[in-house]
Amino acid sequence: DVGAMADELGFKCYLVGGVVRDILLRKTNEDIDIVVEGSAPEFAKSFADRHGARAAVHAKFKTAVVIFPDGFRVDFATSRTEYYHFPASAPMVEDASIKNDLFRRDFSINAMAVKLNKREFGTLLDFFGGQRDLQDKKIRVLHSLSFVDDPSRALRAVRFAVRFDFMIGPHTDRLFRHAVNLDLFERVQGQRMFLELKYILSEKNYKKALRMMRKYDLLKFFHKDLRLDERKEAQFDSLEMILDWYRFQFDEEPELYIARMAVLFSDLEKSAVKDILERFQLDEHKTLEHSECFKQVKDSLAWLKRSKKMPNSVFTRHMSRMATPCALAVSALVGEIFEKQVKDYFSVYRYVKPDIGGNDLLAMKIEPKTEYSNLLSAVKDAKIDGKCTDRESQLRFVAELALK
Ligand code: CTP
C-alpha cells in the first residue's frame, strides 16, 4: 500500500532500521520506520488522508508520524542525503540516497532497508553486511567515527548485544573503549542518557547489560559512585524473585525499569541521586516522580531495618504510600525477615477496607465529622491486625474510640 502510493507520488520508499533487523531475526517489532526519498511530510499527509488517519508533521526535521484511529503509528523520515556525488554512470547511483541514509546509522544490523515501491517490492538492501553480522551474532559499527558522532550508541550496543546475545565485534570494541577514554558522554543529552538506561533496565537480561557497562567502564557516566558488585547483583536477584511472584499472583507487569533503577541507585547518597536526576533533565513531573520513588526507597529501607518487627497495619500504612514499583524495590532490599509481611501486604492488606462507613458514624451521631476519616482508618488498621473483622465489632470499636 505504501509502495503503490510512493509510485503515484513519484517517491521512493523503504522500510528501514530495527523492524528490518527483527523481520530477519523473525522477531516481532511494532515500530515501523519508513524512509522516503522525496518529502516524508507530503507522503505521510497523503497516506494519512487515504487511510482515515492523522499525520503529525515535524517540518524542521522533515519527518512525520501517521497515527491510525486505533493508536497504531508509522514513522516517516525524509532520506537524510537527497543525492550524493556519484558519477552518473556508477552502478549504485540509483540507491545513492538511501545508501547514505543507512550509512549514518549505528550498527550494520540496524542499517538495512527493504524497498517498498511496487516494481521492486521486498528487495533487501544490505550495503554494510548486516545479514552476515546477524548470522555471526555481531554488533559492528559502520565507520570509525560512529561513537564520536553519537556516543549514546555505546549504550545501544550494550542493549542490542544483550538482547540478542550478540558480541561486540573486535574493531567496534576498540572504538568503544576509545570513546569511553575520550569522555564523550558529557555531550550526550540528559534525556537520552535516561532513556538509554531505562531501555537497558527494561531488557530481560539487564543484569548482563549492567555487567557489560561495568566492563566498559560506562557506569561512571551516570555517577562516579555507581557500583555493580556481588551484593548489588544479589539484590537484583531478590528483586526478580519478588517480581516473578507479583506477576504470577496478579497477572500484571509493574513498571520494571523504575523498580530496577531504584535498586541500582539504592546505595548512592541522596545528593548523588539528585545529581543524576539533574543530569537527566526530565520534565518537572517526571523528575519529581523519580526522585520521590528513590527517596522513599532509601528512607523506607532505613526505617524498616531499624524497626525490625511491626504490626501489619503499620507495615501496610508505610508500604501503601509508595507506588508499586518502589514498594517492590523496598521488598527486595529489605531482606527475608519481611518476606511474609511483604507478600501479605500485596495480596491481602492493601485491599482491606472497613466494613462500616461515614453513614454509620452519622447514625451513631459521632462528632466532629472532621474526625471521620481518622476513625475509619483506625478501623481499617484494627481489621488488618485481626482485632475486629466484622461490622458489629467494628461499630463497637469505633464507639469506644469516639468516647475517648
Ligand atoms: N539509530 C541510529 N543511531 C541512534 C539511534 C537510532 O543510527 N543513536 C537508527 C538505527 O538504524 C535504528 C533506527 O535509527 O535501527 C531506529 O531507532 P530506534 O527506534 O531507537 O531503535 P530500533 O533499532 O528500532 O530498536 P528497538 O527495537 O529497541 O526499538
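In each ligand, atom 1 is the first atom listed, and ligand 1 is the first ligand listed.
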ask   = Can Glu37 and Tyr14 be said to form a side-chain hydrogen bond (donor to acceptor under 3.5 Å, both in side chains), step by step?
value = CA-CA 8 Å; Glu37 264 176 36; Tyr14 306 87; 3.3 Å; yes
When you pair each N or O of ligand 1 with protein N or O atoms, which pairs come out under 3.5 Å?
residue  : atom   : partner : partner atom : Å
ligand 1 : 3 (N)  : Arg153  : NE           : 3.2
ligand 1 : 3 (N)  : Arg153  : NH2          : 3.4
ligand 1 : 7 (O)  : Asp106  : N            : 2.7
ligand 1 : 7 (O)  : Arg153  : NH2          : 3.4
ligand 1 : 8 (N)  : Asp150  : OD2          : 2.7
ligand 1 : 11 (O) : Arg105  : NH1          : 3.1
ligand 1 : 11 (O) : Asn110  : O            : 3.0
ligand 1 : 15 (O) : Gly18   : N            : 3.2
ligand 1 : 20 (O) : Arg156  : NH1          : 3.0
ligand 1 : 21 (O) : Arg156  : NH2          : 3.3
ligand 1 : 23 (O) : Arg21   : NH1          : 2.9
ligand 1 : 27 (O) : Arg21   : NH2          : 2.9
ligand 1 : 27 (O) : Arg163  : NH1          : 3.1
ligand 1 : 28 (O) : Arg159  : NH1          : 2.8
ligand 1 : 28 (O) : Arg163  : NH2          : 2.9

message = Could you walk me through whether Met364 and Leu395 satisfy the side-chain contact (heavy atoms from CB on, under 4.5 Å) test, starting with their C-alpha distance in whole Å, then the side-chain angles of each, then the deciding distance to 0.1 Å, before giving a yes or no?
response = CA-CA 9 Å; Met364 291 163 80; Leu395 288 170; 3.9 Å; yes
inquiry  = Less than 3.5 Å apart, any donor N or O on the side chain of Tyr216 or Asp173 sitting next to an acceptor on the other?
reply    = yes
With a 3.5 Å cut-off and sequence neighbours excluded, list the donor-acceptor pairs that the side chains of residues 255-265 form with protein atoms.
residue : atom : partner : partner atom : Å
Tyr257  : OH   : His290  : NE2          : 2.8
Arg260  : NE   : Glu240  : OE2          : 3.1
Arg260  : NH1  : Leu201  : O            : 2.7
Arg260  : NH1  : Glu203  : O            : 3.4
Arg260  : NH2  : Glu240  : OE1          : 3.0

Nearest-0.5 Å distance, CG of residue Asp133 to CZ of residue Phe107 = 11.5 Å
task = Please check if the side chain of Ser146 supplies one atom and the backbone of Leu142 the other of a donor-acceptor pair under 3.5 Å.
result = no
